[in-house]
Asks: 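Quick one: the structure is below, questions incoming.
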Amino acid sequence: MAGYICPACGGPLDRAESALICRRCGRSYPIENDIVDFSGGAYYDSFTGEDQLTPEHRVGLVAEVTGSRWRIERYYAPKLARRARVLDCGCGNGVSVDVLHELGFDAWGVDLSALRKWQWRERTHRDRLAVANALQLPFNDGFFDVVITSGVIEHIGVRETGGASYAVEPLPDRDALREQFVAELLRVTRAAGRVFVDAPNGTFPIDFWHGGAGGQARWHRRDERFLPKFSELRALAREHDVTAVSPAGRFAFRQVGRHWYGRLFAAPVALLFALMRMAPALARSAVNPYLVIEIRKKASRG
């Protein structure tokens, strides 16, 4: 379990039979199926067993596997230096960590979900998967060359209601929590390393990722304060170099392709994403439905 530190105090951890024990503060973090749980039981979901999964949910979890491989193999892996040490923060089913290892990277993943912890039992590199809060990561400063976080930041600092219809309400401390999140990603990234933050674009009027069903379109207001805007993300990492890059290749359009509008617009959107490679300004504009932000960390002046 080398590589982890105590997320509460930053102290070194000693391995016991089925736990990691902090040498400094004495906190204990259980290990089960080679997976360390730093959550203290404070998961963001209430999953207690697979009998809770509906048939639709099971279909969605199977479809996620293809999407996870696509995201890494087709999009992120070509952007990374060989043998880079990579963190996927909010790694979901953990498939990304296995894929990154297959491709020769030193990969780690964290998520704060009881469901994901249950899924991780099937992962080859489950010893590199940890249940942890992204606002308090269990890694030393500068531990990673690259950090990737996909579809996570929009869920920080808001209260969401799912089901047949989707509703979201920003919390009073939304901005402070998102600032803490980005600061933590940068803390565990080395100087001159990179952080990739991707999420649906708050300035684009349609959200294809948070409807009542996978790929279902959801109209939203620009002032909803849920989906991030480029200007907001740039402000959160204002001391570093922040650019928007094209999401071309990021999606296979399988979920949205189940709907008529997905089949109609998939080709034009793919063309638009390709144009963003030649005109980067489009990638941060309101015509782009999905933001991919690259933060290049500057060395500390202190």
Side-chain angles (χ1 to χ4, degrees), residues 44-45 56-57 60 63-64 67 71 75 89-90 92 112-113 134 149-182 196-237 242-248 250-273 275-276 280-294:
Y44 75 74
D45 56 11
E56 183 179 2
H57 199 171
E64 275 186 350
R71 176 173 67 99
Y75 192 73
C89 185
L112 192 60
S113 165
T149 180
S150 298
V152 174
I153 193 168
E154 67 267 35
H155 300 288
I156 293 175
V158 298
R159 182 181 295 111
E160 301 170 76
T161 304
S165 60
Y166 182 86
V168 62
E169 174 189 2
L171 300 175
D173 57 351
R174 186 206 78 147
D175 295 346
L177 290 173
R178 292 188 178 185
E179 185 169 8
Q180 182 181 348
F181 172 61
V182 172
F196 289 95
V197 180
D198 72 45
N201 186 358
T203 61
F204 190 80
I206 307 173
D207 174 9
F208 295 104
W209 291 270
H210 303 95
Q216 182 174 318
R218 183 185 72 92
W219 292 88
H220 68 96
R221 305 186 317 274
R222 289 171 62 102
D223 62 350
E224 183 182 53
R225 299 188 69 235
F226 170 46
L227 304 179
K229 304 176 179 68
F230 173 74
S231 58
E232 294 172 345
L233 294 174
R234 181 172 56 188
L236 292 176
V242 182
T243 57
V245 296
S246 171
R250 171 69 175 78
F251 299 105
F253 301 107
R254 285 185 172 86
Q255 291 270 37
V256 73
R258 294 162 51 191
H259 305 275
W260 66 266
Y261 44 80
R263 294 188 293 273
L264 180 64
F265 292 110
V269 169
L271 177 60
L272 174 63
F273 287 172
L275 288 174
M276 289 177 191
L282 290 175
R284 61 177 181 265
S285 74
V287 303
N288 179 13
Y290 199 88
L291 291 172
V292 181
I293 305 301
E294 179 180 354

Asks: Could you go through I153 and L236, starting from their C-alpha distance and side-chain angles, then the distance that decides it, and tell me whether this counts as side-chain contact (heavy atoms from CB on, under 4.5 Å)?
Replies: CA-CA 11 Å; I153 193 168; L236 292 176; 4.1 Å; yes
Asks: State which residues pass ring pair (Phe, Tyr, Trp, His ring centres under 6.0 Å) with Y75; sequence neighbours excluded, sorted by chain then number.
Replies: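 Applying ring pair (Phe, Tyr, Trp, His ring centres under 6.0 Å) to Y75 gives none.
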Asks: Is the closest side-chain heavy-atom distance between P205 and W219 below 4.5 Å?
Replies: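 Contact flag for P205/W219 side chains = yes.
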Asks: Can you list the residues that meet the salt bridge (Lys or Arg N to Asp or Glu O under 4.0 Å) rule with R218, with sequence neighbours excluded?
Replies: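 Partners of R218 under the salt bridge (Lys or Arg N to Asp or Glu O under 4.0 Å) test: D207, E224.
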Asks: Taking R71 for the side chain and R250 for the main chain, is one N or O donor matched with an acceptor at less than 3.5 Å?
Replies: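 Judged by distance alone, no pair lies under 3.5 Å.
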Asks: Looking at residues at least two apart in the chain, or sitting in another chain, which of them share a side chain to side chain donor-acceptor pair (under 3.5 Å) with S113?
Replies: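 For S113 the side chain to side chain donor-acceptor pair (under 3.5 Å) partners, ignoring immediate neighbours, are D45.
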Asks: Name each donor-acceptor pair under 3.5 Å that joins a side chain in residues 281-288 to protein atoms two or more places apart or in another chain, with its distance.
Replies:
residue : atom : partner : partner atom : Å
S285    : OG   : L282    : O            : 2.8
S285    : OG   : V287    : N            : 3.4
N288    : OD1  : Y290    : N            : 3.0
N288    : ND2  : A283    : O            : 2.8
N288    : ND2  : Y290    : O            : 2.8

Asks: Determine whether the side chains of R222 and T203 contain a donor N or O and an acceptor N or O closer than 3.5 Å.
Replies: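 The answer is no; no qualifying pair exists.
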Asks: As an exercise, state the distance from OG1 of T149 to CD1 of I293, rounded to the nearest 0.5 Å.
Replies: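 One finds 12.5 Å between OG1 of T149 and CD1 of I293.
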Asks: Just jot down the side-chain contact (heavy atoms from CB on, under 4.5 Å) partners of L177, sequence neighbours excluded, or say none.
Replies: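 Partners of L177 by the side-chain contact (heavy atoms from CB on, under 4.5 Å) criterion, ordered by chain and then number, come out as L135, I156, D173, Q180.
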Asks: Restricting to side-chain contact (heavy atoms from CB on, under 4.5 Å), what partner residues turn up for E232, sequence neighbours left out?
Replies: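 Partners of E232 by the side-chain contact (heavy atoms from CB on, under 4.5 Å) criterion, ordered by chain and then number, come out as R174, P228, K229.
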Asks: Rounded to the nearest 0.5 Å, how far apart are CG of L227 and CG of N201?
Replies: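 Reported value, rounded in 0.5 Å steps: 8.0 Å.
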Asks: How would you list, by chain and number, every residue that makes a side chain to side chain donor-acceptor pair (under 3.5 Å) with S246, sequence neighbours excluded?
Replies: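 S246 satisfies side chain to side chain donor-acceptor pair (under 3.5 Å) with no other residue.
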Asks: Listed by chain and number, what are the side-chain contact (heavy atoms from CB on, under 4.5 Å) partners of R159, not counting sequence neighbours?
Replies: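 If we apply the side-chain contact (heavy atoms from CB on, under 4.5 Å) test to R159, skipping adjacent residues, the hits are E169, L171.
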Asks: Can you list everything that forms a salt bridge (Lys or Arg N to Asp or Glu O under 4.0 Å) with D175? Sequence neighbours excluded, please.
Replies: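 In terms of salt bridge (Lys or Arg N to Asp or Glu O under 4.0 Å), with neighbours along the sequence ignored, D175 is linked to R225.
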Asks: Between Y166 and W209 (judged by ring centroids, cut-off 6.0 Å), do the two rings come close enough to count as a pair?
Replies: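 Ring centroids of Y166 and W209 are no less than 6.0 Å from each other.
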Asks: When rounded to the nearest 0.5 angstrom, what is the spacing between CZ in F181 and SG in C89?
Replies: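 If I round to the nearest 0.5 Å, the distance is 4.5 Å.
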Asks: For H155, check side chain to side chain donor-acceptor pair (under 3.5 Å) against everything at least two apart and list the hits.
Replies: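 Side chain to side chain donor-acceptor pair (under 3.5 Å) check on H155 returns E160, H210.
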Asks: Do the non-hydrogen side-chain atoms of F273 and P268 ever get within less than 4.5 Å of each other?
Replies: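 No; the side chains remain at least 4.5 Å from each other.
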Asks: Can you name the residues that form a salt bridge (Lys or Arg N to Asp or Glu O under 4.0 Å) with E179, not counting sequence neighbours?
Replies: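 Once residues adjacent in sequence are excluded, the partners of E179 under the salt bridge (Lys or Arg N to Asp or Glu O under 4.0 Å) criterion are R238.
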Asks: For residues V152 and G90, report the shortest heavy-atom separation together with the two atoms involved.
Replies: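 Of all heavy-atom pairs spanning V152 and G90, the closest is CG2-CA, 3.9 Å.
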Asks: Is a donor on one side and an acceptor on the other found under 3.5 Å between the side chain of H220 and the backbone of F204?
Replies: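 Confirmed, H220 side chain pairs with F204 backbone.
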